[in-house]
Amino acid sequence: MRLLILNGPNLDLLGTREPAIYGTRTFEDFLVELRKEFPGHQLDYFQSNVEGEMINALRNAEANCAGVVMNAAGYSHTSVALRDTLAGMQVPVVEVHISNVHAREPFRHVLLTAAVSAGCITGFGLEGYRLAVEYLLRRGG
Ligand code: DQA
């Protein structure tokens, strides 16, 4: 099965960005391990700091992938455009947050994207991406 992992703004800085919250591991390093754990499946990866590029990546995934694991980062709290894109999608999108957004500042408790996602995993660190991939593979996309 082909899945897209889509990361939003500032997640290119994982490893050095606020390590007390997001850890010290780069996503690229984690991705090597993740891909080894799911041989026989294609895990595409795209990161962007640009909202429109994320929307284009979601549309592209709808045409080419069976599901998406998305951490829209700060856009999860603000982007009506991303929310609207998700609402119209025919393939499941699992929302992931590395930190537990509900235990942080009140503005992070609002997730515009979560209500139009298949589900939301928050607070389990990078493990959340693994759980999301497992879910999508078990459900068959
Ligand atoms: C995040 C949480 C967001 O509130 C924040 O803006 C991020 C990362 C997370 O993975 O915990 O950039 O999505």
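None of the values given here were measured: they were computed from a predicted structure. Numbering of ligands and ligand atoms starts at 1, following listing order.
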- Message: Would Leu11 and Phe27 count as a side-chain contact (heavy atoms from CB on, under 4.5 Å) here? Give the steps.
- Response: CA-CA 8 Å; Leu11 293 173; Phe27 198 80; over 6 Å; no
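Ring pair Phe107/His77 is perpendicular by interplanar angle, where above 60° counts as perpendicular and below 30° as parallel.
Looking at heavy atoms from C-beta onward, His41 lies out of side-chain contact with Leu3 at the 4.5 angstrom threshold. Contact check for Tyr129 versus Ile98: side-chain heavy atoms found under the 4.5 Å cut-off.
The side-chain hydrogen bond (donor to acceptor under 3.5 Å, both in side chains) pairs that include a residue from residues 27-40 are Arg25-Asp29, Arg25-Glu33, Glu33-Arg130, Glu37-Arg130, where partners are two or more places apart or lie in different chains.
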Are there any N/O pairs under 3.5 Å between ligand 1 and the protein, and if so, what are their distances?
| residue | atom | partner | partner atom | Å |
| --- | --- | --- | --- | --- |
| ligand 1 | 4 (O) | His77 | NE2 | 2.6 |
| ligand 1 | 4 (O) | Arg108 | NH1 | 2.8 |
| ligand 1 | 6 (O) | Gly74 | N | 3.2 |
| ligand 1 | 6 (O) | Arg108 | NH1 | 3.1 |
| ligand 1 | 10 (O) | Asn71 | ND2 | 2.8 |
| ligand 1 | 10 (O) | Ile98 | N | 2.7 |
| ligand 1 | 11 (O) | Ile98 | N | 3.2 |
| ligand 1 | 11 (O) | Ser99 | N | 2.8 |
| ligand 1 | 11 (O) | Ser99 | OG | 2.6 |
| ligand 1 | 12 (O) | Arg17 | NH1 | 3.1 |
| ligand 1 | 12 (O) | Arg17 | NH2 | 2.9 |
| ligand 1 | 13 (O) | Asn71 | OD1 | 2.9 |
| ligand 1 | 13 (O) | His97 | ND1 | 2.8 |

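To the nearest 0.5 angstrom, Gln47 atom CD is 13.0 Å from Ile5 atom CD1.
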